[in-house]
Amino acid sequence: MWPLLHYLLPLTPSTLGGLPFDRALYHSFLSANRAFADRLTEVLAPDDDFVWIQDYHLLALPTFLRKRFPRARVGFFLHSPFPSSEIFRTIPVRDDLLRALLNADLVGFHTFDYARHFLSACSRLLGLDYQSKRGYIGIEYYGRTVTVKILPVGIDMGQLRSVVSAPETADVVRQVADAYKGRRLMLGVDDVDLFKGIGLKFLGMEQLLVENPELRGKAVLVQITNPARSEGRDVQEVQDEARAISARVNERFGTPGYTPIVMISRPVSEHEKAAYYAAAECCVVSAVRDGLNRIPYIYTVCRQESTALGDAPKRSVIVLSEFVGCSPSLSGAIRVNPWSVESVAEAMSSALRMSDGEQRLRHEKHYKYVSTHDVAYWARSFDQDLQRACKDHFSRRHWGIGFGMSFKVVALGPNFRRLSVEHIVPSFRKTENRLILLDYDGTVMPESSIDKAPSSEVISVLNRLCEDPKNRVFIVSGRGKDELSKWFAPCEKLGIAAEHGYFTRWSKESPWETCGLVADFDWKKTAEPVMRLYTEATDGSYIEHKESALVWHHDEADPDFGSCQAKELLDHLESVLANEPVVVKRGQHIVEVNPQGISKGVVVESLLSSMVRGGKAPDFVLCIGDDRSDEDMFESIVCPANGSVKLPATSEVFACTVGKKPSMAKYYLDDTVDVIKMLQGLASAPSQQRPWPVQLRVTFEEGNGV
């Protein structure tokens with residue numbers, strides 16, 4: 001995972017640090033995470049404790065914790081980069097890893113770029129959208145809001161100050177200053193790995209001396225290489241490359257008493273490192289990819305706190321790769337593309353030629369940020385946000401669903417429950433005037449289905465329900481009336497409300513009725529050219545023409561681009577249609593323009609009013625839907641005080657959403673299969689019969705003791 005998080009694809013030759021996916025190693029990774037979960041199980045008090053997980057090594061741990069403690073309060077911080085979704089999606093177990101992160105309540109990243117890549121991966125791989133509300137980014141995930149936090153880790157100011165102020169550090173500072181007296185000292189401190197760009201830094205130093213002859217004999221780059229954290233051919237090749245380049249540069253430009261590149265490969269104490277930081281007038285970081293890299297932070301503090309070189313105003317310059325996580329927070333640094341040797345050399349030259357005044361201004365800006373955003377600030381901020389993200393854990397019910405790494409927790413309101421046939425049938429049997437309202441797409445027809453026409457099973461169960469004279473069954477859909485008429489032609493007694501209720505008919509033989517609004521569709525002449533413009537610019541999008549509405553679909557477009565275009569189209573249409581009697585709405589992969597006063601909630605109120613006026617006020621209402629437009633239906637029957645129609649106090653009302661998710665409905669069914677089973681159960685339930693008097697004639701015969 002470490003190479004891939006740093007943008008090294010699995011197919012990269014192992015000699016260059018790449019590793020092909022090995023499922024046995026993945027299972028070992030899961031076993032290690034499970035071991036942490038086992039130990040946490042022994043000590044965790046889930047009602048009181050918070051769990052804060054650090055870095056990719058324990059990326060699977062949130063899933064194992066959720067399995068055991070559905071209400072566990074879990075935070076996760078990724079200290080590595082999160083790569084572009086194009087890179088992340090190459091991991092064969094990508095969905096498992098994303099779901100593991102989403103099992104945390106708060107996920108933290110160093111930079112917005114990393115967070116943006118994570119959000120993009122969630123969108124492209126899992127179809128999840130995010131929202132920004134009051135400064136916080138949240139992903140809705142099965143009723144839970146997973147908060148995304150962006151804040152780089154700081155340094156331990158107290159610890160670093162104690163090192164810098166130690167007498168032994170001051171002694172080494174003076175030794176370093178004496179050793180490089182009359183030189184322009186630049187410093188690099190890096191681990192030995194593929195991504196630190198040590199070789200590129202040395203090439204930049206070589207180019208600096210080539211282009212600036214006056215710096216020969218003066219400019220010195222001291223490179224401290226921390227011991228490698230692992231062994232391998234890739235690490236050895238990094239070391240060999242760095243030695244080879246430094247040897248070449250030193251041979252070309254070195255003179256007796258002058259070595260342009262000084263490599264320190266031995267173990268270096270904290271005091272000696274602090275001394276080099278304090279003595280160097282420029283720090284160079286040329287990593288090609290790094291999660292954060294706190295070297296510039298440490299350098300800034302050491303330059304500020306050291307008094308070994310006198311009390312003159314503090315100054316410093318940082319040459320910083322734009323591919324490291326600390327780059328956005330250090331706005332005074334000279335940012336470079338480390339792959340461009342010329343850019344690195346030019347930045348070094350600018351740093352060495354910069355005036356003392358400008359160096360002081362840049363240094364003060366950096367020190368103010370680093371000293372106020374230390375590791376304690378980072379920890380407090382994360383803790384506060386984790387508490388905020390978990391504040392409603394114990395006011396909701398939690399269910400665990402899924403197996404293995406697909407496990408997830410669904411969080412729902414305390415009164416939200418699954419609708420069972422056993423629960424609804426008794427109410428169905430004892431009632432006389434029933435109204436059954438069904439959405440189409442996503443409710444009786446799966447969204448994933450290629451053929452959108454209803455199956456014979458759907459037609460059969462609808463006909464069986466319609467045969468009962470006590471039932472009024474309606475399909476309430478956003479689709480056009482001609483399409484629905486054709487599909488449901490076999491259902492002669494089925495009512496249809498098309499285009500969100502603009503058109504309604506009570507049966508196949510009934511005429512279509514409109515909602516009563518003035519049929520003025522001149523606004524289409526304005527809206528359609530705008531939609532056509534976005535369709536031409538967005539591959540995979542198309543316009544759906546309805547008699548009362550226009551719909552722009554982008555479900556087959558690139559997820560990110562389609563979403564971006566939908567937002568722009570929404571703003572554009574709201575602007576050009578501001579004076580028209582229409583409403584512009586954004587739904588799931590659509591932007592729709594409807595006449596004002598049209599919604600599924602309005603048509604349901606109309607149907608209820610008609611039944612009440614006809615003397616058959618419904619004493620049983622079942623409403624099933626799956627998306628945002630269906631919430632209007634739920635609201636009209638669950639909160640009748642908001643509407644114009646009052647149901648009888650004894651009415652049995654069942655508002656049911658498809659899928660476990662936050663909703664105005666009080667019940668849910670898992671999927672369209674569950675919906676059909678529910679309807680079949682109702683169709684098979686005989687109505688409760690009235691008791692009739694029965695005459696019995698009993699004949700008693702004597703014999704056998706009777």
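This structure is a prediction, so every number in the text was calculated from the model and none was measured.
Annotation: cation-pi pair R388/Y136 present, NZ/CZ under 6.0 Å from the ring centroid and within 45° of its normal.
Using cut-offs of 30° and 60° on the angle between ring planes, the pair Y26 and F21 is tilted.
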Checklist entry - Going through the checks in order, is the side-chain contact (heavy atoms from CB on, under 4.5 Å) test met by V93 and R23? => result CA-CA 9 Å; V93 291; R23 194 161 291 274; 3.8 Å; yes

Next on the checklist: Before you tell me yes or no, could you show the steps for Y56 and L78 under side-chain contact (heavy atoms from CB on, under 4.5 Å), namely the whole-Å CA-CA distance, both residues' side-chain angles and the distance that decides it to 0.1 Å?
Outcome noted: CA-CA 6 Å; Y56 65 90; L78 184 68; 3.9 Å; yes

Next on the checklist: If you apply the rule salt bridge (Lys or Arg N to Asp or Glu O under 4.0 Å), what do you find for K149 with D385, and how did you get there?
Outcome noted: CA-CA 8 Å; K149 182 175 180 61; D385 284 351; 2.6 Å; yes

Next on the checklist: Evaluate L102 against L126 for side-chain contact (heavy atoms from CB on, under 4.5 Å), listing each step before the verdict.
Outcome noted: CA-CA 11 Å; L102 292 169; L126 302 180; 3.6 Å; yes

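A donor-acceptor contact shorter than 3.5 Å links the side chain of S541 to the backbone of T538. In terms of modelled atom types and a separation under 3.5 Å, the side chain of S28 and the main chain of A24 share a donor-acceptor contact. A donor-acceptor contact shorter than 3.5 Å links the side chain of N33 to the backbone of A60. Between the D55 side chain and the H57 main chain, no donor and acceptor come within less than 3.5 Å of each other. In this structure, the side chain of T300 engages the main chain of P296 through a donor-acceptor pair within 3.5 Å. Side-chain N or O atoms of K201 include one that pairs as donor or acceptor with a backbone N or O of V284 at under 3.5 Å. Between the Y7 side chain and the S84 main chain, a donor and an acceptor come within less than 3.5 Å of each other. T372 places a side-chain N or O within 3.5 Å of a backbone atom of Y369 that can act as its donor or acceptor partner.
Ring centers of F29 and H27: at least 6.0 Å apart, outside the cut-off. Ring-centre distance between F77 and W52: not below the 6.0 Å cut-off. Between F416 and Y667, the distance from one ring center to the other does not fall under 6.0 angstrom. For F82 and H117, the ring centers sit 6.0 Å or farther from each other. Taking the centre of each ring, H553 and H589 stay at or above the 6.0 Å mark.
A salt bridge (Lys or Arg N to Asp or Glu O under 4.0 Å) check over residues 368-383, counting only residues at least two apart or in different chains, returns nothing. For residues 403-417, no residue pair satisfies the salt bridge (Lys or Arg N to Asp or Glu O under 4.0 Å) rule, not counting sequence neighbours. Here salt bridge (Lys or Arg N to Asp or Glu O under 4.0 Å) pairs that include residues 68-83, with residues two or more places apart or in two chains, are D38-R68. Screening residues 104-113 for salt bridge (Lys or Arg N to Asp or Glu O under 4.0 Å), with sequence neighbours left out, gives R66-D105, D105-R144, D113-R116. Evaluation of the side chain to side chain donor-acceptor pair (under 3.5 Å) test over residues 288-298, restricted to residues two or more places apart or in two chains, returns D290-N293, Y297-S329.
Side-chain atoms of T63 and N103 form a donor-acceptor pair, as typed in the model, at a separation below 3.5 Å. Between the side chains of E305 and Y367, a donor-acceptor pair is found at a separation under 3.5 Å. R161 and S371 share no side-chain donor-acceptor pair at under 3.5 Å. Residues W2 and S80 bring no donor and acceptor atom of their side chains to less than 3.5 Å of each other. In the model, H554 has no side-chain atom that pairs as donor or acceptor with a side-chain atom of Y534 under 3.5 Å. No hydrogens or angles considered: a donor-acceptor pair under 3.5 Å links the side chains of K273 and N226.
Shown here are the side chain to side chain contact (heavy atoms under 4.5 Å, CB included) partners of D156, two or more places apart in sequence or in another chain: Q159, V375.
A salt bridge is absent between R628 and E631; no separation between the charged side-chain nitrogens and carboxylate oxygens falls under 4.0 Å. Ionic pairing of R335 and E322 is not present here: no N-O contact between side-chain nitrogen and carboxylate oxygen is shorter than 4.0 angstrom.
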